[in-house]
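Shown next, in structure tokens, is the structure this report addresses.
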Amino acid sequence: MEYARAEGCAGYDFSALERHWQGYWDAAGTFAAPTGDGRAPYYILDMFPYPSGAGLHAGHAENFTGTDVLGRFKRAQGRNVLHPMGWDAFGLPAEQYAVKTGVHPAETTRVNTDNFRRQMKALGLGIDWSREINTTDPDYVRWTQWIFLQLFQKGLAYVDERPVNWCPALGTVLANEEVIDGKSEVGGHPVERRALRQWVLRITAYADRLLDGLADVDWPHSTKSKQIHWIGRSTGAQVFFPVKGQDARIEVFTTRADTLHGATYMVLAPEHGLVDSLTTPEHVEAVAAYRSQAAAKSDLARTELSKEKTGVPTGAFAINPVNGKEIPIWVADYVLGGYGTGAIMAVPAHDERDYAFAQTFGLEIVPVVRPDEATEPTLPFEGDGLAFNSGSLDGLTTDQAKERIIEELSGSHQGQAMVQYRLRDWLFSRQRFWGEPFPVVWVDEAAYKAARAVAGDVAAALPETPVQYAEGGRTWHALPIPPSQLPVTLPDLADFRPSGNGESPLAKATDWIAVWFNVRSGETRSASLPRPEGTDWVAAQRESNTMPQWAGSCWYYLRYMDPACAVAPASPEALQYWKAPDFYMGGTEHAVLHLLYARFWHQVLFDAGVVPTREPFPKLFHQGIILGEDGEKMSKSRGNVVNPDDFIKTHGADTFRAYLMFMGPLEDEKPWQTKGLEGPHRFLQRVWREFTGETGGLAEKVRSDATDSLPTQKLVHATIKKVTEDFESLRYNTALSQMMILLNHLIKEPVISDETARTFARLLAPIAPHIGEELWARLGGRTSVVDGGWPTYDPALLVEDEVQIGLLVNGKPRSEARVPKDASEADVVTLAQNDPKVAAFLEGKTIRKVIYVPGKILNLVAT
RNA sequence: GCCCGGGUGGCGGAAUGGUAGACGCUGAGGACUUAAAAUCCUUUGCCCGCAAGGGCGUGCGGGUUCGAUCCCCGCCCCGGGCACCA
């Protein structure tokens, strides 16, 4: 493909220019990034887009343009830049659309990705399209399933009954975002909680690793902070309370073991396993009523009513292990079943919630910590202080008391130090069609034992502890469909409607669900066929749940490094070369979940020796949200959505990109202003008029035999410096403003050297690549401007002999002066005293002090 | 309630201890034009003043400093996250 300027381009015909250069990049493969290239690699990653029917929105455009500018800049500096793109294409909207219209999600996905790709090309993004990936491709699904098998084999995947949003009227499980105020988003039917068997990933096993790893990554502080809170590590003690008259004990977690002497009652969460056995006959009815009432409450209702504490006594008593005191055991929903042990020791004197509860129900309150020896605590007192009323702990500080009591409890086997996390295990299954099938079949115990006993692919992929569940008196065991048999693809469904019983629509594909399974090789055959020959075949049921959308986005950055690899998610060679994205950019909405889940998978893969780095994303950056013209979040209902296509048509992609980068700091939230587009648009038009000639070559004032004036040279080099530094730190808005300053200056000059024109083209090209290429081609470039090198500046030209300084009296600016850069303080003071504007303020005063900052200010302090 | 961000002209923003408002938008005036668009020039923080000039000014109140948009303390407002996590 020949590198040549766009022909027949009269005036600044941005549409023709953009078509020409986009065609060139495609045909020449300009942005292909070969693995193992001698250049230093630079891997830039955008957060994985979901190809929705609405097409690219302004936020996408800002994100992708921001990374594209960086990529083109790094490329010009000689790096082998990998900037890939792909599609996070499983997910709910395509399935909902299929239910409504019968159009297969695969077809919807194809149409939408075609549109996204078209829009990205129209934006002029320098993407290596040879590496395009799609999470719904069987070849991609294969490796998503392969990674799941790694988790499964290591015992990090299990099944458990978990509550879901069940809508009886729709006969389906709803995602949280499909439930609005306890009603289904579609139709407004009531939604209730119903426990279903689910796959769960043991992310809590990696809680400490996920916490510690944050120290090694260059991420926005606020995002690290969100993850730290999400993981919520808290250290304290587990304490055992025997139940009076029963052979049972209640285990609690507390961060304030030092207040144990102040524990005057206990609370079990309504779902706690001991509630039934503890409750005395006269309380059974009230407790049962309270529990069913609590179970009916949605999370929202539980939160809304949080001010009012409710609960019922069980009639049972526990014994405080430190003082033998008998304390009542209550059931209350202010204690969460899912955190800690689901039970607490209540210390009303030193916990706001326990205090409120004790007040409501008239329970005893015993203070055991005071701010200091002389001061009685104001209850509830939650701060640190000195222990009292606490036997052996009396007089100790809170920290000392915690340490001491844990020692004592450990010694007598009544408790021990313990760490708890707010983080819960990850609910990893969805009752959906449009997702990755689990590479798992369910078999009876005999078949499971057979699989264990036979050396083969299946046994190799089994965890030590079986994954199983009981249903209708039978125990089902999970057997892996081993790597050699992947991918497990979705069956052809004609009807995408829910099964009606809470299972995925896949449950209706009986030919697919019921299989003959070979316990040695892991092969499957539909059970509608006769049982194959041989002793290794058993009857099995496929898992009908699918994986959540997070699955595909948990490892896509690995696949980009080696998208066609047939033996692993990516080959060791590719991983070794690219390592990890040097720069990862996306919105803050993924600050916790996506970024935490992906880190979890990555750490598991690191432990398995699959990836060479401990963390997936060493450097992360969030672009700010672009608001609508009205200053509100863009939304269809507000009608304030900006569609890139519209502005690319009227102003061109270069203007659109330049405006996005010019609006303000990339990380800031900022409103779109259609009028504001005019600034960058006029700028690019002026660039065109300044450098190009009407007949298609260069403007007459651009000459190879011209020498720039000294002020021009100085400004050119100052601009190279500023733009380079600003690009490096993503301050594209100020980089552009500097280019505007330079252009405004050049316009006033009678001639411009072609060298300066080439510099300008290269500085501008990352932001406005089409006009950049065109100028470069007309200036004699033979290959893309991204390979034209990056201009360097001559520091000698930046040294100013004369500088402007401010003359201040008592800190207020009164005048200014041009002085030699190394002017002495005495000279400048004399000059200032002779300046009438300064002198007026010195009238009748004595100079007490002189502050001279060379090149900046002279401040005369006078009274 | 707790944890993060953030408050600068009519608007987007610039300047992180040294002349606040770069650059751009908008508005006003002018040139070119039969006219308009486009383009170019001048001007555009607020108040007083014919002007020269002066005063005020970076959410509010204090403090540190020769000097504070910038650092410290206490508030107010806006945005985001978490929310009975023991």
Side-chain angles (χ1 to χ4, degrees), chain A residues 220-226 228-230 232-234 236 252-257 259 267 269 299 302-303 305-309 332-336 338-347 350-354 356-357 382 420-424 588-589 591-592 622 624-625 627 629 631 633 658-659 662-665 667-683 685-686 689 731 733-741 743-744 747 804-817 837 840 848-862:
Chain A
H221 165 78
S222 60
T223 299
K224 282 192 187 187
S225 154
K226 277 179 199 168
I228 290 167
H229 282 112
W230 192 262
R233 182 188 152 100
S234 99
V252 303
F253 171 72
T254 177
T255 56
R256 292 297 302 272
T259 62
V267 184
D299 287 344
R302 237 167 127 152
T303 312
L305 299 170
S306 66
K307 279 146 216 146
E308 282 291 313
K309 292 277 184 291
D333 68 2
Y334 83 92
V335 172
L336 306 175
Y339 182 77
T341 59
I344 61 155
M345 65 176 211
V347 184
H350 303 290
D351 182 281
E352 211 181 317
R353 298 153 300 179
D354 297 345
F357 191 82
E382 296 189 307
Q420 279 295 332
Y421 301 89
R422 211 190 72 105
L423 181 69
R424 309 294 159 84
T588 50
E589 66 273 20
V592 178
H622 298 303
I625 294 171
L627 304 171
E629 193 130 32
K633 266 197 181 141
Y659 174 61
F662 186 65
M663 289 171 81
E667 65 272 30
D668 283 7
E669 178 177 290
K670 46 213 175 278
W672 172 268
Q673 295 186 127
T674 296
K675 260 288 172 202
L677 260 178
E678 297 304 335
H681 193 52
R682 284 175 199 153
F683 167 67
Q685 285 173 315
R686 278 198 291 267
R689 284 199 301 271
R731 291 187 306 233
N733 54 330
T734 49
L736 254 177
S737 114
Q738 182 66 31
M739 289 186 240
M740 289 173 176
I741 290 168
L743 181 70
N744 291 345
I747 285 172
Q804 176 119 335
I805 67 164
L807 303 178
L808 287 64
V809 178
N810 292 332
K812 295 198 176 197
R814 296 302 179 186
S815 185
E816 51 197 31
K837 291 187 215 163
R848 305 286 175 193
K849 194 170 177 184
V850 175
I851 294 105
Y852 177 50
V853 183
K856 301 277 189 187
I857 55 104
L858 174 77
N859 186 14
L860 301 175
V861 183

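Below, all heavy atoms of this structure are taken into account, side chains as well, without hydrogens, waters or symmetry copies. Residue numbers start from 1 in every chain, and the chains themselves are labelled A, B, ... in the order their sequence lines are given, proteins ahead of strands.
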[X] side chain, from C-beta outward: closest of [options]:
X	options	value
Val335(A)	A86(B), U19(B), C84(B)	A86(B)
Thr255(A)	A86(B), C3(B), G24(B)	A86(B)
Phe662(A)	G13(B), G79(B), G24(B)	G24(B)
Trp230(A)	C82(B), G13(B), C25(B)	C82(B)
Ser234(A)	A86(B), A20(B), C82(B)	A86(B)
Val853(A)	U19(B), G18(B), G12(B)	G18(B)
Lys812(A)	C56(B), G5(B), A86(B)	C56(B)
Thr734(A)	G24(B), A86(B), A15(B)	A15(B)
Arg682(A)	G12(B), C25(B), G55(B)	C25(B)

### Query
Aromatic rings Tyr659(A) and Trp672(A): how do their planes relate, parallel, tilted or perpendicular, breaks at 30° and 60°?
perpendicular

### Query
Would the number of heavy atoms belonging to other residues, nucleotides or ligands and lying under 6.0 Å from CD of Gln804(A) be above 12?
yes

### Summary
Under a 4.0 Å heavy-atom criterion, the protein footprint on nucleotides 62-68 of chain B, written with B, S and -, is ----B--

Could you identify the nucleotide paired to [N], looking across every strand shown and requiring Watson-Crick or G-U wobble geometry with both distances under 3.5 Å?
N	result
U39(B)	A31(B)
A52(B)	none
A15(B)	none
C71(B)	G63(B)
G5(B)	C78(B)
C25(B)	G10(B)

### Message
Can you say whether a donor on the side chain of Lys309(A) sits under 3.5 Å from an acceptor on the base of C84(B), or the other way round?
### Response
yes

### Query
Looking only at side-chain N and O atoms, does Arg731(A) come under 4.0 Å of OP1 or OP2 in A22(B)?
no

### Query
Does G6(B) fall in syn (glycosidic angle within 90° of 0) or anti?
anti

Rounded to whole angstrom, note down the [atom1] distance from [N] over to [M].
N	M	atom1	answer
U26(B)	G21(B)	C1'	16 Å
U65(B)	C47(B)	P	36 Å
U44(B)	C25(B)	P	16 Å
A31(B)	A37(B)	C1'	16 Å
G6(B)	C71(B)	P	10 Å

### Query
Relative to Tyr334(A), does Lys309(A) satisfy both conditions: NZ or CZ under 6.0 angstrom from the six-membered ring centre, and within 45 degrees of the ring's axis?
yes

### Task
Please state how far atom CD1 in Ile741(A) lies from atom P in C23(B), giving the value in whole angstrom units.
6 Å

### Task
Could you tell me whether Ser222(A) contacts a base, only the sugar-phosphate backbone, or nothing, with contacts defined as non-hydrogen atoms closer than 4.0 Å?
sugar-phosphate

